[in-house]
Every structure is written in structure tokens, then in C-alpha cells.
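Computed from a predicted structure; not experimentally measured. Reminder, nothing fancy here: chain letters follow the sequence lines and each chain counts from 1. Basis for what follows: all heavy atoms, side chains included, without hydrogens, waters or symmetry-related copies.
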Amino acid sequence: MEREGKPSGISEVERAIAEALLRWYETHRRDLPWRRRRDPYAIWIAEVMLQQTRVETVIPYYERFLARFPTLQDLAAAPLEEVLKAWEGLGYYARARHLHEAARRLMEERGGEFPRTLAEWRRLPGVGPYMAAAILSIAFGQDIVALDGNAIRVLARLFAFDQDPRRPAGRRQLQQRAERLLPSGQAGAFNQALMDLGATLCTPKSPRCPECPLRAFCAAYAQGNPEAFPVRAPRRMLPHYDVTAGVIEADGRVLIAQRPLQGMLGGLWEFPGGKVEPGESLEECLQRELREELGIEVEVGEPLLTLRHTYTHMRITLHVFRCRIRSGTPQPIGCADVRWVPIAELDRYAFPRTDQRIVEWLRQEGSSSLTRQTTGRSRT
DNA sequence: AAGCCGTGGAG
DNA sequence: TCTCCAAGGCT
């Protein structure tokens with residue numbers, strides 16, 4: 001008794017798995033902001049933000065972003081700077097640049113109409129195989145499997161899948177096996193059910209198998225080693241770098257530079273500086289960086305603060321110094337732009353986390369020195 | 001193919 | 001303090 005529109009040879013077990021999954025999802029699905037609506041724009045924004053990012057982290061960003069850019073038209077019409085500001089602190093900033101560029105293209109080339117095929121979605125910057133499938137299944141109800149990290153983990157355990165799902169061959173294999181499970185007309189629920197299951201029960205460490213609706217079908221559970229799946233590659237050691245940054249104040253303003261649009265933290269603003277080279281002192285590094293990036297000669301003053309930070313592929317210790325310009329006028333030589341900004345207006349610019357901490361420090365320093373001044377004046 | 005790309009929370 | 005890693009995509 002084959003159902004229509006499905007691959008042939010769907011077994012009773014495969015049907016039972018999908019049924020158990022969907023039944024569990026009906027009662028256990030998480031109430032998330034982007035699940036309260038079904039328009040492609042909202043789903044798209046959520047999917048971009050959720051890349052490699054926890055739900056709890058995304059929610060406040062999502063709410064603010066949709067309030068600020070309610071429609072595709074609003075997003076396309078906005079300056080990139082405002083989109084980056086809305087993204088500030090969320091990380092992986094290329095997502096914001098790609099999202100903005102894609103919105104502009106959708107408006108210009110399609111009159112604001114969203115694609116309805118995988119191939120068309122994939123042509124948009126920032127849209128990969130997962131996101132295209134997720135949007136089409138969730139927002140358009142198309143019968144397409146969307147495998148994210150959660151779904152991959154759930155399925156790898158369900159099948160005790162011994163290949164590496166990050167490699168193309170393993171990925172294709174898992175995709176095919178997932179498609180056999182997909183109940184037609186319910187791909188959106190099916191995909192999200194796998195994600196919720198992976199996020200809440202079938203977690204990377206200490207999965208809560210006793211509560212799992214798929215326990216009876218799970219090969220890894222039967223073997224007693226669910227944590228062994230999916231197979232993962234060993235981690236590499238993170239290199240460490242010493243980095244310097246300069247705070248240059250003049251006439252009540254502080255100098256900030258915008259990072260090049262491409263590459264790490266692209267388009268964000270920072271206090272200029274850079275990596276210390278072998279055999280170089282912190283002061284020498286800062287002088288060299290400011291000469292190379294801004295074309296100015298500086299005198300390095302007092303150290304202000306030291307920050308540690310871990311990025312995806314390196315750790316840094318950031319040494320922040322006050323600096324004074326000896327000669328030259330700052331120009332955007334090794335950066336996208338340069339600006340003198342009153343400390344009170346720094347919050348208009350998008351900074352990476354480390355520089356946000358410097359901004360915070362400057363504000364406190366400013367208010368405390370203001371307190372000192374006020375106290376001093378009152379005594380005079 | 002494999003390295004790059006942020007951040008914060010959990011354990 | 002340290003490791004792991006979360007609704008991936010780009011080059």
C-alpha cells in the first residue's frame with residue numbers, strides 16, 4: 001500500500017518514525033517568535049540569524065530587527081551601516097552584508113517577490129543548501145528536506161550513521177535516507193521537528209533518550225552509544241596573537257576606523273591597530289599600524305586596558321593604549337573609512353565585542369573624570 | 001577540500 | 001580556565 005508521490009519502498013518503520021516525530025512535535029514544539037508567522041521574509045531573517053547561533057541569543061536580535069526593518073522593502077532601502085548596527089554583537093557579520101545585498105537584489109530584479117525554487121534561492125548571497133530548503137519547506141510548504149546540524153545529529157544517531165555527514169558523500173547519503181522519512185505535505189513540521197528534537201532531547205552531550213519519541217527506532221540507542229554519532233573531526237589548536245589598539249582623542253572626539261568590507265568583522269568600526277609582529281614591541285606595533293592604516297605618526301601614551309578574546313579560529317590579547325598624533329592627518333589607507341566621533345555618539349556605530357568594551361570603558365572613564373572635574377569645580 | 005568567519009553559554 | 005559548539009555559507 002504505497003502512498004502517492006513518495007519514493008517506492010517506504011517501509012512501515014519509516015512511516016512510523018515520521019508519525020512518532022510529528023506527534024511529538026505537536027505537543028513539544030517550542031513557541032518561537034518566527035513560528036508565529038509564516039511570511040517568507042520573517043522566516044528568512046530568522047534562518048540567517050540562527051546560523052551557528054543559539055535560539056536564546058537570536059530572539060532579542062530578531063525582535064529588534066523586524067521592528068526596525070518590518071518588510072523586505074525596508075531592509076533593501078536601508079543603508080548597510082544600519083543593518084550592521086542591528087547585527088552588532090551577533091557575529092558572523094558577512095551574514096548581515098549578504099542579507100542586505102540579497103534584499104536589494106530581490107527588490108531590483110524581482111520586484112520584491114520571493115523565489116519559489118531551490119535554484120533561485122541559492123543564487124542569493126548567503127543562502128546555502130540548508131537555508132533554501134528550510135525557507136521553501138517552512139514558508140512555502142514544499143516537500144523538501146532541510147538538514148541542519150540538529151537534524152544531522154538526530155538522523156546520524158537514528159541510523160547509527162558511520163560516515164562523516166560533513167563530507168559530500170556522507171551528506172548525500174544522509175539526505176537520501178531523510179527523504180525516505182519525509183511525509184508529503186508536512187515538510188515544514190518534519191524539518192522543524194527534527195531540529196527541536198536535536199535542540200532539546202537529542203543533544204550533542206547527554207542526550208535525554210528516555211524521553212525521545214524515536215527511541216524505539218534509534219540504532220545508536222540500541223547500541224548504547226548515541227554520543228558516538230555523528231562522527232566528528234578532531235579540533236585544531238587555536239593560535240594566539242597579541243594585538244594593539246589606539247585611542248586617539250582630540251577636541252572632544254575620538255578616532256575610529258571602519259574595517260574593510262571583506263574579511264573578518266568586515267564593515268565594523270574599531271579603534272585602529274593590529275597584530276604584533278615577531279620581535280616587535282607593543283608600542284612599535286601600534287606606531288606601525290597607525291602609519292600603515294591611517295598615514296599618521298603617533299606617540300604611544302599610557303596603557304588603558306587589556307582584553308582577552310577568542311574568535312572562531314584564534315585567540316587574541318588586545319592591548320589598548322592612549323595615543324597622540326605627532327604628524328599627519330588620518331586617511332583611510334588600510335581601512336574603509338575614518339571618522340572623529342564624540343564619545344557620546346559612539347553608540348551609533350557597529351563595533352565588534354572587544355571594541356564595544358573599549359567604548360564602555362571610555363564612557364565610564366569620561367563620566368568619572370567628569371565627576372572629578374565637577375567635584376573640583378565645586379570646591380573652587 | 002578545508003580553512004575562514006563571532007559570540008556566549010554550558011559543563 | 002578550558003573545551004565544546006549552536007537552525008551554515010563562502011572561497
Side-chain angles (χ1 to χ4, degrees), chain A residues 29-30 32-35 42-62 84 87-99 101-102 121-139 145-155 164-171 188 190-200 202-206 227 230 232-240 259-268 270 307-318 350-357:
Chain A
R29 73 196 295 260
R30 292 175 289 176
L32 303 170
W34 43 91
R35 286 183 177 167
I43 302 296
W44 179 33
I45 302 299
E47 290 301 337
V48 176
M49 286 190 171
L50 285 163
Q51 273 182 35
Q52 304 290 285
T53 310
R54 292 184 146 72
V55 164
E56 316 84 70
T57 304
V58 164
I59 289 175
Y61 280 92
Y62 175 83
L84 285 173
W87 211 269
E88 181 185 45
L90 197 51
Y92 286 126
Y93 299 96
R95 292 183 296 176
R97 284 184 275 119
H98 291 150
L99 180 62
E101 173 60 23
W121 271 105
R122 288 294 304 278
R123 280 191 212 108
L124 295 170
V127 178
Y130 162 75
M131 212 158 49
I135 294 169
L136 285 174
S137 64
I138 296 170
V145 168
L147 297 186
D148 74 322
N150 287 310
I152 286 172
R153 184 172 55 257
V154 171
L155 295 175
D164 186 342
R166 286 176 306 277
R167 301 175 65 86
R171 182 58 178 270
F190 177 83
N191 290 331
Q192 294 181 87
L194 281 178
M195 295 186 223
D196 274 23
L197 190 58
T200 61
C202 197
T203 48
K205 283 173 287 187
S206 307
E227 287 193 37
R232 41 178 167 267
R235 290 248 311 180
R236 307 158 48 84
M237 257 267 296
L238 298 181
H240 173 273
R259 297 178 60 90
L261 248 42
Q262 305 303 322
M264 179 152 145
L265 305 171
L268 273 66
E270 67 178 2
L307 302 170
R308 292 179 213 295
H309 192 72
T310 304
Y311 295 104
T312 309
H313 58 292
M314 64 176 165
R315 311 170 190 279
I316 66 163
T317 302
L318 180 61
F351 292 93
R353 273 295 182 240
T354 50
D355 294 81
Q356 278 186 281
R357 292 200 199 114

Between A:G198 and A:H98, whichever has its closest DNA chain C nucleotide further toward 5' is A:G198
Nearest-nucleotide wise, let me know which of A:D148 and A:Q262 is further upstream toward the 5' end of DNA chain C.
A:D148
May I ask you to say what [X] touches in the nucleic acid, namely base, sugar-phosphate or nothing, with a heavy-atom cut-off under 4.0 Å?
X	answer
A:W87	nothing
A:R30	base
A:V127	sugar-phosphate
A:R166	nothing
A:A151	nothing
A:M131	sugar-phosphate

Heavy-atom distance under 4.5 Å between the side chains of [X] and [Y], does that happen here?
X	Y	result
A:W34	A:L50	yes
A:R166	A:I152	no
A:L194	A:N150	no
A:Q51	A:D148	no

Need two values: the first and the last nucleotide of DNA chain C, 5' to 3', having an atom under 4.0 Å from any heavy-atom of chain A.
C:dT3 to C:dC10
Let me confirm one number: the CZ-CH2 distance from A:R97 to A:W87, rounded to the nearest 0.5 Å.
11.5 Å
Pick the [atom1] atom in [N] and in [M], then give their distance to the nearest Å.
N	M	atom1	answer
C:dA6	B:dG6	C1'	12 Å
C:dA7	B:dG3	C1'	22 Å
C:dG9	B:dG8	P	23 Å

Indicate, with yes or no, if the rings of A:Y311 and A:H309 have centres closer together than 6.0 Å.
yes
Neighbour count above 12 (heavy atom, 6.0 Å) for A:Q262 CD:
no
Are there more than 12 heavy atoms of other residues, nucleotides or ligands under 6.0 Å from atom CZ of A:R167?
no
The contact string for nucleotides 4-11 of chain B, one letter per nucleotide 5' to 3', using protein heavy atoms under 4.0 Å with B, S and - for base, sugar-phosphate only and none, comes out as SBBBB---
Sorted by chain and residue number, the salt bridge (charged side-chain N to carboxylate O under 4.0 Å, His left out) partners of A:E227 (sequence neighbours excluded) come out as none
